[in-house]
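Encoded as structure tokens, the structure appears first; notes follow it.
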Amino acid sequence: MATVKLENITKEYEDGFRAVSNLNLDIKDKEFIVLVGPSGCGKSTTLRMIAGLENITGGSMYIGESVVNDIDPKDRDIAMVFQSYALYPHMTIRDNMGFALKMRKTPQRNIDKKVDEIAEILQLNTLLDRKPGELSGGQRQRVALGRAMVRNPKVFLFDEPLSNLDAKLRVQMRSEIVKLHKELDTTFIYVTHDQTEAMTMGDRIAVLNAGVLEQFDTPLNLYNRPRNKFIAQFIGSPQMNVFPSEVSKIDGKYFVRFITEWIKIPYHMTKSLDGISRKNVYLGIRCEDFLLDEAGIPIEFSNVEYMGSDLYCYTSYNNEDIVMRFKPEDGIYENRPYKILPNMDRIYIFDYETEETIVYPAEV
């Protein structure tokens, strides 16, 4: 079994800085988990604690049924790919990739076969006789990735392994790593700051913020049912439009203020507002959830970006930037008047004090 369990894991440094606080994760056997969050959130520190490269201040770390807090990295049966390449400069690429198997005294013909298979996937097959110093940064990162891939550990750990690759190769490598996960049928834990990688690769995603786990869920639930304002704005590109607003109950119906107008909230979305007569909130609307409507609010766009199948249209109100997404056939241009409304079945409302989500879209 290659389950990984973190029970109240804490990492605090000697100067008192707490990088990770009471982190609980229960990672299933053969699952592909992504740790994501802004810089400094503790995701790489968490990965290094799983690998045994960082001491754990508090809590228990399990790999399978065993507590591994005090187990050396080499005895944890994990393979890790770092942001840095950490290649042996005097060895060829073939020898770098096969080194771990050689240390296990694997027959050379088996090493060569496995290295050739992985080199083909990573487009390194023509570089196997070169030394790391002869390769580009992106090529060296692929070698480091390949060196972990040739092993058969209980758990694979990836610390932003695609960060040095160009955009085209990153897309290809994302699908190759997902394919590899299915073929190897083992547990992958992957750290990235890239939302696209997280959303397209992970079975579940753990979103960290300042060392605290904000939400651990499927990509679909993170996008459609964010627990709070932070998750709502962090997941999705462009990020969700969120601005201060108010909710008010008028004649038994609930309304929310959008720019200059009070707009009725659909009845089936108001259960969580029971007992509220008037309340400061945050209103959240994703860029794809705006409608062109003759009954809407007059607006002009200061900038319109053509992105092939989509138009991204930018405006602002009370110093709050707003981005909306439409189709090219909608015929939208800069500095011309349009009337828009939010799709009220797709709005989010967040508590102003706690920033927790109190109203979700109707369809999810």
Side-chain angles (χ1 to χ4, degrees), residues 1-7 9-13 19-20 23 25-35 42-108 110-115 117-119 122 124 132 140-161 177 180-181 183-192:
M1 292 288 289
T3 58
V4 178
K5 187 175 182 180
L6 285 66
E7 271 188 4
I9 292 295
T10 295
K11 175 63 180 179
E12 187 171 307
Y13 292 96
V20 178
L23 177 59
L25 289 176
D26 199 344
I27 300 169
K28 300 173 186 175
D29 183 34
K30 303 174 184 178
E31 200 170 17
F32 195 133
I33 295 301
V34 180
L35 306 180
K43 55 188 184 293
S44 290
T45 302
T46 299
L47 198 74
R48 291 174 63 83
M49 286 192 287
I50 296 171
L53 302 175
E54 289 273 4
N55 293 326
I56 297 169
T57 307
S60 299
M61 179 82 66
Y62 294 82
I63 296 180
E65 300 299 320
S66 303
V67 178
V68 298
N69 290 43
D70 300 317
I71 302 297
D72 289 338
K74 64 183 177 61
D75 297 322
R76 296 193 181 194
D77 198 11
I78 54 96
M80 185 162 180
V81 180
F82 300 92
Q83 282 179 289
S84 59
Y85 315 122
L87 302 177
Y88 298 109
H90 62 287
M91 292 184 181
T92 65
I93 302 311
R94 179 180 293 279
D95 290 341
N96 264 284
M97 290 177 64
F99 184 75
L101 298 181
K102 185 178 181 180
M103 291 297 97
R104 294 180 177 181
K105 302 189 183 304
T106 304
Q108 189 61 46
N110 293 351
I111 295 175
D112 290 340
K113 180 182 178 182
K114 190 66 176 177
V115 168
E117 288 175 358
I118 300 303
L122 298 176
L124 294 169
R140 276 178 278 174
Q141 185 64 81
R142 282 184 279 151
V143 175
L145 180 59
R147 185 173 55 187
M149 293 164 84
V150 299
R151 300 176 55 195
N152 189 31
K154 286 183 180 177
V155 182
F156 281 85
L157 306 178
F158 299 87
D159 191 359
E160 305 202 39
I177 290 174
L180 178 76
H181 172 251
E183 290 175 353
L184 296 180
D185 208 24
T186 190
T187 306
F188 277 30
I189 305 175
Y190 190 104
V191 162
T192 182

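No donor-acceptor pair under 3.5 Å is formed between the side chain of Arg48 and the backbone N or O of Glu54. A donor-acceptor contact shorter than 3.5 Å links the side chain of Arg151 to the backbone of Ile78. Panel note: side chain Thr45, backbone Ala19; no donor-acceptor pair is recorded below 3.5 Å. Between the side chain of Asn69 and the backbone N or O of Gly59 there is at least one donor-acceptor pair closer than 3.5 Å. Side-chain atoms of Lys11 come within 3.5 Å of backbone N or O of Asn55 as a donor-acceptor pair. Judged by distance alone, with hydrogens and angles left aside, the side-chain atoms of Thr187 form a donor-acceptor pair with the main-chain N or O of Ala2 at under 3.5 Å. In this structure, the side chain of Thr3 does not engage the main chain of Asp29 through any donor-acceptor pair within 3.5 Å. The backbone N or O of Thr106 lies less than 3.5 Å from no partner atom in the side chain of Asn110, so there is not a single donor-acceptor pair. In this structure, the side chain of Arg76 engages the main chain of Val68 through a donor-acceptor pair within 3.5 Å. Side-chain atoms of Asp159 never come within 3.5 Å of backbone atoms of Val191 as a donor-acceptor pair (strictly under, hydrogens ignored).
Using a 4.5 Å cut-off on side-chain heavy atoms (C-beta onward), Leu35 and Leu25 make contact. Using a 4.5 Å cut-off on side-chain heavy atoms (C-beta onward), Lys154 and Val4 make no contact. Proximity of Arg94 to Asp112: side-chain heavy atoms (C-beta onward) are separated by under 4.5 Å at one or more points.
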Exercise for review: Begin with the C-alpha distance, continue with both residues' side-chain angles, and end with the deciding distance and a verdict on side chain to side chain contact (heavy atoms under 4.5 Å, CB included) for Met61 and Val67.
Suggested key: CA-CA 6 Å; Met61 179 82 66; Val67 178; 5.9 Å; no

Exercise for review: Run the numbers on Val81 and Glu160 for side chain to side chain contact (heavy atoms under 4.5 Å, CB included), then give the verdict.
Suggested key: CA-CA 8 Å; Val81 180; Glu160 305 202 39; over 6 Å; no

Review point. Side chain to side chain contact (heavy atoms under 4.5 Å, CB included) between Val115 and Asp95: does it pass, once the steps are laid out?
Key: CA-CA 9 Å; Val115 168; Asp95 290 341; over 6 Å; no

Review point. Can you check side chain to side chain contact (heavy atoms under 4.5 Å, CB included) on Phe99 and Arg104, steps first, answer last?
Key: CA-CA 9 Å; Phe99 184 75; Arg104 294 180 177 181; over 6 Å; no

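The distance from atom CD1 of Ile189 to atom CZ of Phe158, rounded to the nearest 0.5 Å, is 10.5 Å. Atom CD1 of Ile118 is separated from atom CE of Met149 by 4.5 Å, given to the nearest 0.5 angstrom. Residue Ser60 holds its OG atom at 10.0 Å from CG of Leu6, rounded to the nearest 0.5 Å. The line from CD1 of Ile93 to CG of Leu87 is 6.5 Å long, rounded to the nearest 0.5 Å. Distance check: Met97 CE to Leu145 CG gives 8.5 Å after rounding to the nearest 0.5 Å. The distance from the OH atom of Tyr62 to the CD1 atom of Ile27 is 14.5 Å, given to the nearest 0.5 Å.
Ring geometry for Phe188 versus His181: interplanar angle over 60°, hence perpendicular rather than tilted (30 to 60°). Relative ring orientation between His90 and Tyr88 is described as perpendicular, the plane-to-plane angle rising above 60° on a 0-90° scale split at 30° and 60°.
A pairwise comparison of heavy atoms in Asn96 and Pro132 identifies ND2-CG, 3.7 Å as the closest pair. Listed here is the closest heavy atom pair of Lys43 and Thr192: CE-O, 3.4 Å. Taking all atoms of both residues into account, the shortest heavy-atom contact from Pro73 to Leu53 is CG-CD2, 4.0 Å. The two residues Ile63 and Ile50 come nearest to each other via the heavy atoms CD1-O, 4.2 Å. Across Glu31 and Lys28, no two heavy atoms sit closer than the pair OE1-N, 2.9 Å. Leu47 approaches Met80 most closely through the heavy-atom pair CD2-CE, 3.6 Å.
Residues passing the side-chain hydrogen bond (donor to acceptor under 3.5 Å, both in side chains) test with Ser66, sequence neighbours excluded: none. Take Lys102 and apply the side-chain contact (heavy atoms from CB on, under 4.5 Å) test, not counting sequence neighbours, and it matches Ile111.
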